[in-house]
Amino acid sequence: MHADVIAIDGPAASGKSTVARRVAAALGRLYVDSGAVYRAVAWEVNRRGIDPRDARAVSAAAARISIATFAGGGAVRFKVGGIEPGDALRTEEVNAAVSPVAAVPAVRALVTGLLREMPRFGSLVVEGRDIGTAVFPEARAKFYLEASPEERARRRHAESRAAGLSVSAVRDSIGRRDRIDSSRTVAPLSVAPDATVIDTTALSIDEVTDRILKADGIRTLPRPDAGPAARER
Ligand code: DC
């Protein structure tokens, strides 16, 4: 059976997290932030004092990291070694470590395996970089959000987590991650041939969300998990 997944991919600060969260809430689906799982591995690598650029050490660490998933609050969430990391995943240390860590094949296998098991919790909206291409190539609907580098840097800078950094420093950091994410050998950031591409540069979050919700068939996708009680919620 095909997993009941809507895939939303795109580069950093393309608006996909907020949009994916809203689409999931509007459709009564669970939201999945796949980047957060990569961030959790990077966080754990940092916590263990491993150099995120030492692929061999990262690979060995990936074999020993235990990540437990569960559903709650409209999302699929996870704990690493019994802890839900939350805001600790959004620091500059994690930003700097996550792209090299996510390029390690053992890390991608770990996270991809976890993501592929998540449809057991229900129908999903999954956001990331390779959801429509590598993780759920059979997803029922695929969207790819993009925006100009200037607009993405402006958005990221406006978020409180970028406090203290100039817009140009944020732009450099995003540019570095784009380059690593697009050039890695395993599942690089790329557009699925059957994805709908939305340039969000001049669009508000509401407008992007609306476009997705109005796309062909989105509201009529079957939700095999939704019994009468789930539908009434
Ligand atoms: O969306 P984000 O900024 O939280 O993602 C963090 C990093 O994780 C990003 O630099 C690349 C990686 N990532 C990935 O390689 N594949 C995904 N499906 C999601 C994220």
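In each ligand, atom 1 is the first atom listed, and ligand 1 is the first ligand listed.
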Open item on the list: Whether D9 and R129 form a salt bridge (side-chain N of Lys/Arg under 4.0 Å from carboxylate O of Asp/Glu) is what I want to check.
Closed with: no
Task: Euclidean distance, E44 CD relative to L89 CG, rounded to 0.5 Å - done: 11.0 Å
TODO: Using a strict cut-off of 4.0 Å, indicate which atoms of ligand 1 neighbour a heavy atom of A102.
DONE: 12 (C), 15 (O)
Open item on the list: If we ignore hydrogens and angles and just use 3.5 Å, is the side chain of R116 paired with the main-chain N or O of V135 as donor and acceptor?
Closed with: yes
TODO: Identify, for atom 19 (C) of ligand 1, the protein heavy atom at the shortest distance, and state residue, atom and that distance.
DONE: S34 OG, 3.3 Å
Task: Electrostatic pair R140-D4, nearest N-O below 4.0 angstrom - done: yes
Task: Protein residue, atom and distance nearest to atom 4 (O) of ligand 1, heavy-atom basis - done: R39 NE, 2.7 Å
- [ ] Give yes if a backbone or side-chain nitrogen or oxygen of R177 is under 3.5 Å from a nitrogen or oxygen of ligand 1, and no if not.
- [x] yes
Task: Candidate with minimal heavy-atom separation from atom 10 (O) of ligand 1, of S99, G128, G132, G35 - done: S99
Open item on the list: Considering both backbone and side-chain atoms of E127, is one of its nitrogen or oxygen atoms within less than 3.5 Å of a nitrogen or oxygen in ligand 1?
Closed with: no
Open item on the list: Check whether W43 forms a cation-pi arrangement with R47 (NZ or CZ under 6.0 Å from the six-membered ring centre, at most 45° off the ring normal).
Closed with: yes
Open item on the list: Please report the interatomic distance CG(D194) to NZ(K142), rounded to the nearest 0.5 Å.
Closed with: 3.5 Å
Open item on the list: One residue to check: R156. Relative to ligand 1, which of side chain, backbone, both or neither has a non-hydrogen atom less than 4.0 Å away?
Closed with: neither
Task: salt_bridge(D178, R152) N-O dist < 4.0 Å - done: yes
Task: Salt-bridge contact E151-R155 (side-chain N to carboxylate O under 4.0 Å) - done: yes
Task: Structural part of D130 in contact with ligand 1, heavy atom criterion under 4.0 angstrom - done: both
Open item on the list: Taking distance alone, with N or O pairs closer than 3.5 Å, would you say R129 contacts ligand 1?
Closed with: yes
Open item on the list: Within ligand 1, which atoms have a heavy atom of D181 less than 4.0 Å away?
Closed with: 9 (C), 10 (O), 11 (C)
Open item on the list: Same cluster or not: L145 versus Y31, using hydrophobic residues (I, L, V, M, F, W, Y) connected whenever any side-chain heavy atoms lie under 4.5 Å apart?
Closed with: no
Task: Heavy atom of the protein closest to atom 16 (N) of ligand 1 (residue, atom name, distance) - done: R108 NH2, 3.0 Å
Open item on the list: If I apply the N/O under 3.5 Å rule, does D33 come out as touching ligand 1?
Closed with: no
Open item on the list: Assess whether a salt bridge exists between D33 and R90, defined as any Lys/Arg side-chain N lying under 4.0 Å from an Asp/Glu carboxylate O.
Closed with: yes
Open item on the list: Tell me the contacting part of A12 for ligand 1: side chain, backbone, both, or neither, using a 4.0 Å heavy-atom threshold, strictly below.
Closed with: neither
Task: Proximity flag R90 to ligand 1, non-hydrogen atoms under 4.0 Å - done: yes
Task: Atoms of ligand 1 close to K16 [distance to a heavy atom under 4.0 angstrom, numbered from 1] - done: 1 (O)
- [ ] List the closest protein heavy-atom neighbour of atom 7 (C) of ligand 1: residue, atom name, distance to the nearest 0.1 Å.
- [x] V98 CG2, 3.5 Å
